[in-house]
Chemist: 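Take this structure, written in structure tokens, and hold onto it; I'll ask about it next.
Chain naming here is simple, since letters A, B, ... match the order of the sequence lines and numbering starts at 1 in each.
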2 protein chains.
Amino acid sequence: MSTKADAPVRRAASDYRLEDQVGFLLRRAYQRASSNLVDRIGSYDLTAPQYATLARLYKRGALSQNLLGRLVAMEPANIRDVVLRLKKRRLVATRRDPTDKRLILIDLTTAGVALVEQLIPIEIECTATTLAPLKADQKRILYELLGRLAEG
Amino acid sequence: MSTKADAPVRRAASDYRLEDQVGFLLRRAYQRASSNLVDRIGSYDLTAPQYATLARLYKRGALSQNLLGRLVAMEPANIRDVVLRLKKRRLVATRRDPTDKRLILIDLTTAGVALVEQLIPIEIECTATTLAPLKADQKRILYELLGRLAEG
DNA sequence: GGCATATCGTTATGATCATAACAATAGATC
DNA sequence: GATCTATTGTTATGATCATAACGATATGCC
């Protein structure tokens with residue numbers, strides 16, 4: 001704890017504060033949200049990106065690996081690994097697209113569908129927990145602002 | 001691209017949307033912010049967490065590795081790796097605390113100080129870029145809300 | 001048909017991330 | 001002083017992340 005004040009104020013003063021940088025704030029807020037989620041669905045051995053992937057497939061049905069990746073904001077190389085892990089656990093199945101040999105179509109298995117339907121209410125509850133410090137109208141504003149940032 | 005509409009609406013309908021989950025929004029917003037930063041300081045071969053670490057040391061002076069990690073929101077195992085990389089590049093130096101043999105004190109080298117002072121204005125400019133889609137009062141509100149989320 | 005370009009998936013590399021288990025030291029308590 | 005507990009740093013494991021380079025397939029245009 002003791003920083004041992006052997007050098008008082010060695011750096012040139014500056015108005016700069018790390019806490020004022022959005023990136024840092026966003027990273028910490030995401031850490032919190034992610035931690036909340038893992039606390040709840042961790043017993044299912046699922047991570048946040050894995051859950052997002054399953055949820056996407058649940059809503060949209062079969063998707064090419066590449067498009068699936070874009071819809072969950074993951075690079076091709078990353079969505080590949082996630083799909084591999086989900087496939088190993090039989091939550092997802094793959095097949096080649098007959099009309100476009102480049103594509104790999106990903107879809108939920110029966111087990112995958114069952115799991116997602118079990119997790120969705122937990123996720124909703126978890127989002128509520130994360131947003132608990134905010135009032136209703138503040139939540140709405142936050143969504144609006146975050147959405148604008150993400151879209152750039 | 002073509003999803004090949006071979007299965008219309010196979011899942012039970014649900015009000016759930018992935019885009020409504022804060023975690024997902026925060027992750028995407030952080031991706032954007034991080035990408036903006038890397039676009040600008042990438043030529044220095046620095047990542048966002050590495051920059052944050054340097055910035056902390058710049059403001060606070062020498063810190064124990066553990067405390068440094070807490071101040072940049074990184075686990076002990078992770079801050080260790082970051083410090084090792086920065087140390088390898090001579091941006092940071094370490095020494096043992098004489099009064100508490102458990103502690104490793106981290107501090108910027110002369111080269112580290114020079115680099116931070118070069119990067120700070122870039123970071124500030126980068127934050128401005130990320131926040132460009134927002135009006136002044138919206139930025140203020142966003143900070144307020146994100147801060148509240150991060151603290152829990 | 002043939003060719004340039006674009007897209008898809010893979011591989012490799014390196015940097016975060018979180019978690020658990022562990023040895024060493026410090027501090028508190030008696 | 002001896003012992004119990006807390007903290008610090010390390011190691012190991014596994015999952016994201018981003019980036020670049022690459023072969024295979026589609027698509028556009030001529």
Chemist: Can you build the contact string for nucleotides 16-23 of chain D? Use B for base contact, S for sugar-phosphate-only contact, and - for no protein heavy atom under 4.0 Å.
Modeler: BBBB----

Chemist: Closest to the B:Asp100 side chain: C:dT25, C:dC8, D:dG9?
Modeler: C:dT25

Chemist: Using heavy atoms to find the nearest nucleotide of DNA chain C for B:Lys101 and A:Ile104 separately, return the residue whose nucleotide is more 5′.
Modeler: A:Ile104

Chemist: Only pairs under 3.5 Å count here: list side-chain donor-acceptor contacts from residues 141-152 of chain A, not counting sequence neighbours, and write none if there are none.
Modeler:
unit_1	atom_1	unit_2	atom_2	d
A:Tyr143	OH	B:Asp20	O	2.4
A:Glu144	OE2	A:Arg148	NE	3.3
A:Glu144	OE2	A:Arg148	NH2	2.2

Chemist: According to side-chain hydrogen bond (donor to acceptor under 3.5 Å, both in side chains), does anything in residues 33-42 of chain A pair up with another residue at least two apart or in another chain? List the pairs.
Modeler: A:Asn36-A:Thr130, A:Arg40-A:Glu125, A:Arg40-A:Thr129

Chemist: Nearest whole angstrom, please: distance from the P of C:dG9 to the CG of A:Leu84.
Modeler: 12 Å

Chemist: C:dG9 C1' sits how many Å from A:Leu67 CG, rounded?
Modeler: 14 Å

Chemist: To the nearest angstrom, how far is B:Lys87 atom NZ from D:dT10 atom C1'?
Modeler: 14 Å

Chemist: Could you check whether any side-chain heavy atom of B:Arg32 comes within less than 4.5 Å of a side-chain heavy atom of B:Arg28, counting everything from C-beta outward?
Modeler: no

Chemist: Atom CG of A:Asp100 and atom CZ of A:Arg96: how far apart are they, to the nearest 0.5 Å?
Modeler: 9.5 Å

Chemist: Of the candidate nucleotides D:dG9, C:dA6, C:dT10, which contains the atom at the shortest distance from the side chain of B:Asn66?
Modeler: D:dG9

Chemist: Rounded to whole angstrom units, what separation is found between the CZ atom of A:Arg96 and the P atom of C:dC8?
Modeler: 13 Å

Chemist: Rounded to the nearest angstrom, tell me the gap between atom CD in B:Gln65 and atom C1' in C:dA24.
Modeler: 15 Å

Chemist: Quick one: does B:Arg102 reach the base of D:dT7 with a side-chain donor-acceptor pair under 3.5 Å?
Modeler: yes

Chemist: Send over the distance from A:Leu68 CG to C:dT10 P, rounded to a whole Å.
Modeler: 12 Å

Chemist: How many whole angstroms separate atom CZ of B:Arg89 from atom C1' of C:dA15?
Modeler: 12 Å

Chemist: Side chains of B:Asn66 and B:Arg102: closer than 4.5 Å at any heavy-atom pair?
Modeler: no

Chemist: In whole Å, I'd like the distance from the CG atom of A:Leu105 to the C1' atom of C:dC8.
Modeler: 12 Å

Chemist: When you measure from the side chain of B:Leu103, which nucleotide among D:dT8, C:dC8, D:dT10 comes out closest?
Modeler: D:dT8

Chemist: Just checking B:Arg90: does its CZ atom have more than 12 heavy atoms from other residues, nucleotides or ligands closer to it than 6.0 angstrom?
Modeler: no

Chemist: Around atom NZ of A:Lys139, are there more than 12 heavy atoms of other residues, nucleotides or ligands at under 6.0 Å?
Modeler: yes

